[in-house]
Q: 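Below: one structure in structure tokens.
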Amino acid sequence: MDLYIGKGMDTLLFGVTENEAKKLLGSPNKSYFTDSGCKRLQYNEMKIELSFEPENDDRLGWLEVHNKEAKLFGSSLIGLSEISAVEFLDSRLISKPKYNDFGGFTSINYEDEWLELQIQFGIVKCINFGVLFGENDAPSWPRT
């Protein structure tokens with residue numbers, strides 16, 4: 001499973017509809033709506049969650065990845081120490097990390113790349129990332 005900043009995962013690209021995602025991945029194990037109205041699809045075996053955002057025509061705009069096999073820039077980050085993951089990303093990304101402490105976990109954000117690492121007990125537990133935004137805060141949907 002390869003993750004691509006601003007683009008998506010493998011052949012699943014940001015900007016697809018829920019039906020297009022289901023054609024690629026099959027039926028989800030669970031679906032629900034967030035408080036902000038986003039439709040979320042969970043795939044247990046893949047350990048991913050997809051978010052379809054009403055403000056972006058209900059298109060896929062965000063991925064939450066818990067799968068240790070997922071690779072970003074060719075490396076698996078889930079399971080790495082916070083220090084190792086940040087050192088790895090610092091050499092590959094433009095923005096500098098911003099830290100937010102939520103008590104039970106730490107969120108490390110790379111704002112220019114719309115990338116977040118969630119850290120618990122000093123270990124990367126989750127990678128969240130989304131579509132990039134261009135002029136007028138419009139999504140820059142990737143091209144196939």
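Count residues from 1 along the sequence.
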Q: Are any non-hydrogen side-chain atoms of Leu89 and Leu72 less than 4.5 angstrom apart?
A: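 They are in side-chain contact.
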
Q: Hey, could you give me the OG/CD distance between Ser107 and Gln118, rounded to the nearest 0.5 Å?
A: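 Result: 6.0 Å between the selected atoms.
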
Q: Is Ile127 close to Leu115 at the side-chain level, that is, under 4.5 Å between some pair of heavy atoms?
A: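 Heavy-atom side-chain distance check passes, below 4.5 Å.
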
Q: May I ask you to decide if Phe52's main-chain N or O and Asp58's side chain share a donor-acceptor pair within less than 3.5 Å?
A: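 Absent.
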
Q: Within a strict 4.5 Å, meaning less than it, do heavy atoms of the Phe129 and Glu116 side chains meet?
A: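 Phe129 vs Glu116: side chains apart.
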
Q: Checking one residue: Phe105. Which other hydrophobic residues are in its cluster under the side-chain 4.5 Å linking rule?
A: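 Its cluster partners, ordered by chain and number, are Phe102.
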
Q: Can you tell me which residue pairs pass the salt bridge (Lys or Arg N to Asp or Glu O under 4.0 Å) test with a partner in residues 95-115, sequence neighbours excluded?
A: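 Only Lys98-Glu111 qualify under salt bridge (Lys or Arg N to Asp or Glu O under 4.0 Å).
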
Q: Looking at side-chain heavy atoms only, is the closest gap between Glu53 and Leu60 below 4.5 Å?
A: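 Side chain of Glu53 against side chain of Leu60, heavy atoms only: no contact under 4.5 Å found.
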
Q: Holding to ring pair (Phe, Tyr, Trp, His ring centres under 6.0 Å), I want the full list of residues that pass it with Phe133, two or more places apart in sequence or in another chain.
A: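 Only Trp114 meet the ring pair (Phe, Tyr, Trp, His ring centres under 6.0 Å) criterion with Phe133.
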
Q: Can you list every pair that meets salt bridge (Lys or Arg N to Asp or Glu O under 4.0 Å) and has a residue in residues 67-80, with sequence neighbours left out?
A: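 Listed by first then second residue: nothing to list.
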
Q: About how many Å separate CE of Met46 and CG of Asn29, when rounded to the nearest 0.5 Å?
A: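 Rounded to the nearest 0.5 Å, the CG-CE separation comes to 11.0 Å.
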
Q: Could you list all the ring pair (Phe, Tyr, Trp, His ring centres under 6.0 Å) pairs where at least one residue sits in residues 56-90, not counting sequence neighbours?
A: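 For residues 56-90: none.
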
Q: With a 4.5 Å limit on heavy-atom distance, are the side chains of Leu117 and Lys125 in contact?
A: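 SC-SC contact between Leu117 and Lys125 ruled out.
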
Q: Among residues at least two apart in sequence or on other chains, which ones pass side chain to side chain donor-acceptor pair (under 3.5 Å) with Thr34?
A: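 Thr34 satisfies side chain to side chain donor-acceptor pair (under 3.5 Å) with Ser36 only.
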
Q: For the pair Ile123 and Leu80, evaluate side-chain contact (heavy atoms from CB on, under 4.5 Å) and give the outcome as yes or no after the intermediate values.
A: CA-CA 6 Å; Ile123 303 296; Leu80 278 184; over 6 Å; no

Q: Which donor-acceptor pairs under 3.5 Å do side chains of residues 2-17 form with protein atoms, sequence neighbours excluded?
A:
residue: Asp10; atom: OD1; partner: Asp2; partner atom: N; Å: 2.8
residue: Thr17; atom: OG1; partner: Glu20; partner atom: N; Å: 3.1
residue: Thr17; atom: OG1; partner: Glu20; partner atom: OE1; Å: 3.3

Q: Starting from the C-alpha separation in whole Å, work towards a yes-or-no answer on side-chain contact (heavy atoms from CB on, under 4.5 Å) for Ile48 and Leu25.
A: CA-CA 11 Å; Ile48 61 169; Leu25 303 178; 4.1 Å; yes

Q: Considering residues at least two apart in sequence or located in another chain, which fulfil the side-chain contact (heavy atoms from CB on, under 4.5 Å) criterion with Pro97?
A: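 Val86, Asp90, Tyr99, Ile108, Tyr110.
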
Q: May I have all residue pairs that pass side chain to side chain donor-acceptor pair (under 3.5 Å) and include part of residues 72-86, sequence neighbours excluded?
A: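 Matches after skipping sequence neighbours: Ser81-Ser84.
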
Q: Of the non-hydrogen atoms in Ser140 and Val131, which two are nearest, and what is the gap between them?
A: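 Smallest heavy-atom distance, with atoms named: O-CG2, 3.6 Å.
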
Q: A side-chain contact here means heavy atoms from C-beta on lying under 4.5 Å apart; do Leu50 and Leu63 qualify?
A: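 The answer is yes; the side chains approach within 4.5 Å.
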
Q: Enumerate the residue pairs fulfilling salt bridge (Lys or Arg N to Asp or Glu O under 4.0 Å) with a member in residues 25-40, sequence neighbours excluded, ordered by first and then second residue.
A: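 The answer is Glu18-Lys39, Arg40-Glu49, Arg40-Glu64.
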
Q: Suppose we screen for side chain to side chain donor-acceptor pair (under 3.5 Å). Which residues come up paired with Asn67, at least two apart in sequence or across chains?
A: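 For Asn67, no residue satisfies side chain to side chain donor-acceptor pair (under 3.5 Å) once neighbours in sequence are set aside.
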
Q: Using side-chain contact (heavy atoms from CB on, under 4.5 Å), reason through Asn100 and Thr106 one step at a time and then give a plain yes or no.
A: CA-CA 6 Å; Asn100 294 300; Thr106 301; over 6 Å; no

